[in-house]
Amino acid sequence: EEARKISLLNKKKKLYRLGSQPPLTLVIGNDFEHLNPSWNVKVSLVKEYFKEHGDTADVCLLHWVGGTKPWSSKQNLRSTHKKWWYKY
């Protein structure tokens, strides 16, 4: 409920950008647990992730940062990202 209030206030006053991340961070604060890095692999860093963790490393979640999403019908994925979208 608190994150919703912050989001609604932002809608009126434009206090921040970056979607839902700022209100969630404000509400959760330090009350969280760190996950294995495989749970949040940024698509732009997939190649680096596999270099660091090995070619057979598990990826649990691909994080598509920003407004460009592969599931958007207007999306024009770079060929390097297409293989990751279809694989996972």
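Counting from 1, the numbers follow the sequence of the chain as shown.
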Next on the checklist: Test of understanding: with side-chain contact (heavy atoms from CB on, under 4.5 Å), list the residues that count as partners of Lys42, not counting sequence neighbours.
Outcome noted: Ser44, Leu45, His63, Val65
Checklist entry - For Glu52, what residues pass the side-chain contact (heavy atoms from CB on, under 4.5 Å) criterion, not counting sequence neighbours? => result none
Please list, one pair per line, the donor and acceptor atoms closer than 3.5 Å that link side chains of residues 14-31 to other protein atoms, with sequence neighbours excluded.
{"residue": "Gln21", "atom": "NE2", "partner": "Thr25", "partner atom": "OG1", "Å": "3.0"}
{"residue": "Thr25", "atom": "OG1", "partner": "Gln21", "partner atom": "O", "Å": "2.9"}

Checklist entry - How long is the span from the NZ atom in Lys5 to the CG atom in Leu9, to the nearest 0.5 Å? => result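 These two atoms lie 11.5 Å from each other.
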Item to check | Inter-residue atom distance Asn36.CG - Cys60.SG, 0.5 Å rounding | outcome: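 Asn36 CG to Cys60 SG: 6.5 Å, rounded to 0.5 Å.
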Checklist entry - Is Val46 close to Val59 at the side-chain level, that is, under 4.5 Å between some pair of heavy atoms? => result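 The answer is no; the side chains never approach within 4.5 Å.
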Checklist outcome for this item: Sequence neighbours excluded, the answer for side-chain hydrogen bond (donor to acceptor under 3.5 Å, both in side chains) partners of Asn10 is none
Checklist entry - Angle class for the Tyr49/His53 ring planes (parallel below 30°, perpendicular above 60°, tilted otherwise)? => result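 If you compare the ring of Tyr49 with that of His53, the planes turn out tilted.
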